[in-house]
Amino acid sequence: MLSLRPFTIEDIPRLIQEIPDRRFLMQWAGPLYQWPLTGDQILHHLQNDSRPPGRSRIFKAVTRKNDTVGTCELAAIDPLKSSARLSRILIYRHARNRGLGIRMLDRLLRIAFEEMRLCRLALNVFDFNHAAIRCYEHLGFQREAVLENARQVEAEFWNSIIMALRAEEWRKGTAE
Ligand SMILES: CC(C)(COP(=O)(O)OP(=O)(O)OC[C@H]1O[C@@H](n2cnc3c(N)ncnc32)[C@H](O)[C@@H]1OP(=O)(O)O)[C@@H](O)C(=O)NCCC(=O)NCCS
């Protein structure tokens, strides 16, 4: 069993340990944070996102044995458009490739679509991030667009894919 709980200040040091370098930071978090990642940056994000309340919700994924295995976020929550963005999806190194990414996101989608009654979720993923793309496709996300050269990292330009999932499609998928 995997449950999602609010990510708190106490979870920051562990999260920082999971981000080894500048490239990984961009892959995981986009341009939100600067390398080297510090506790202050995460704290700032955590605190700013509670003002105005409800614009972002940050979770940690915890196993039945109380092992924290990842984090995920619903960002840019827009009550008028009834939409949000899946952001900063991370399964910690020791727990990858065991299906936990899909399970963590399954819980997140239930919160977004059932509890919060959102209608649409979108996300950005770099085109080389096959594990993440596979995970999102499993959950029903579809590719909507490719942004060529969306980010520059050192001397490279990375392409970003926009993926989205509507609540009706998700409900159809869970009913099957
Ligand atoms: C993306 C991530 C969250 C996936 O979590 P995970 O627990 O390792 O993934 P799962 O075990 O649930 O596997 C999901 C699917 O990806 C596949 N997969 C895993 N690693 C893969 C790889 N390196 N290449 C291709 N597919 C891969 C799995 O086989 C599975 O698909 P399948 O069921 O069809 O076999 C995790 O790899 C991660 O934290 N990555 C680093 C941070 C990141 O890039 N976040 C996403 C930002 S958009």
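Both ligands and their constituent atoms are indexed starting at 1 by order of listing.
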Heavy atoms from other residues, nucleotides or ligands near CD of Glu168 exceed 12 (cutoff 6.0 Å) = yes
Do any nitrogen or oxygen atoms of Gly99 come within less than 3.5 Å of a nitrogen or oxygen of ligand 1?
-> yes
Output yes when a protein non-hydrogen atom is found under 4.0 Å of atom 2 (C) of ligand 1, and no otherwise.
-> no
Considering only heavy atoms of Ala132, which atoms of ligand 1 have at least one such atom less than 4.0 Å away?
-> 1 (C), 46 (C)
Is it true that a side-chain atom of Arg107 and a backbone atom of Leu2 form a donor plus acceptor pair closer than 3.5 Å?
-> yes
For atom 29 (O) of ligand 1, is the nearest protein heavy atom closer than 4.0 Å?
-> no
Is any N or O atom of Arg98, backbone or side chain, closer than 3.5 Å to an N or O atom of ligand 1?
-> yes
Going hydrophobic residue to hydrophobic residue with side-chain gaps under 4.5 angstrom, can you get from Trp28 over to Leu86?
-> no
Under a 4.0 Å heavy-atom limit, does Phe24 contact ligand 1 with its side chain, its backbone, both, or neither?
-> side chain
Tyr136 heavy atoms, cut-off 4.0 Å: which ligand 1 atoms fall inside?
-> 46 (C), 47 (C), 48 (S)
Per-atom contacts of ligand 1 with Gln27, taking only distances under 4.0 Å to non-hydrogen atoms | 41 (C), 43 (C), 44 (O), 47 (C)
Relative to the heavy atoms of Leu100, which atoms of ligand 1 are at a distance of less than 4.0 Å?
-> 7 (O), 12 (O)
Shortest non-hydrogen contact between Ile19 and Phe24, atoms and distance = CD1-CE2, 3.8 Å
Heavy-atom neighbours of Arg93 CZ exceed 12 at 6.0 Å | yes
Taking only non-hydrogen atoms of Leu90 and a 4.0 Å limit, the atoms of ligand 1 in range are 39 (O), 42 (C)
Which atoms of ligand 1 are found less than 4.0 Å from any heavy atom of Asn124?
-> 48 (S)
Using a distance threshold of 4.0 Å (strictly less than), state whether atom 46 (C) of ligand 1 has a protein heavy-atom neighbour.
-> yes
Provide the full list of salt bridge (Lys or Arg N to Asp or Glu O under 4.0 Å) pairs with a residue in residues 121-131, sequence neighbours left out, each pair given once.
-> none
Under 4.0 Å from ligand 1, counting heavy atoms only, is it the side chain of Phe128, its backbone, both or neither?
-> neither
Return yes when at least one protein heavy atom is under 4.0 Å from atom 35 (O) of ligand 1, and no when none is.
-> no
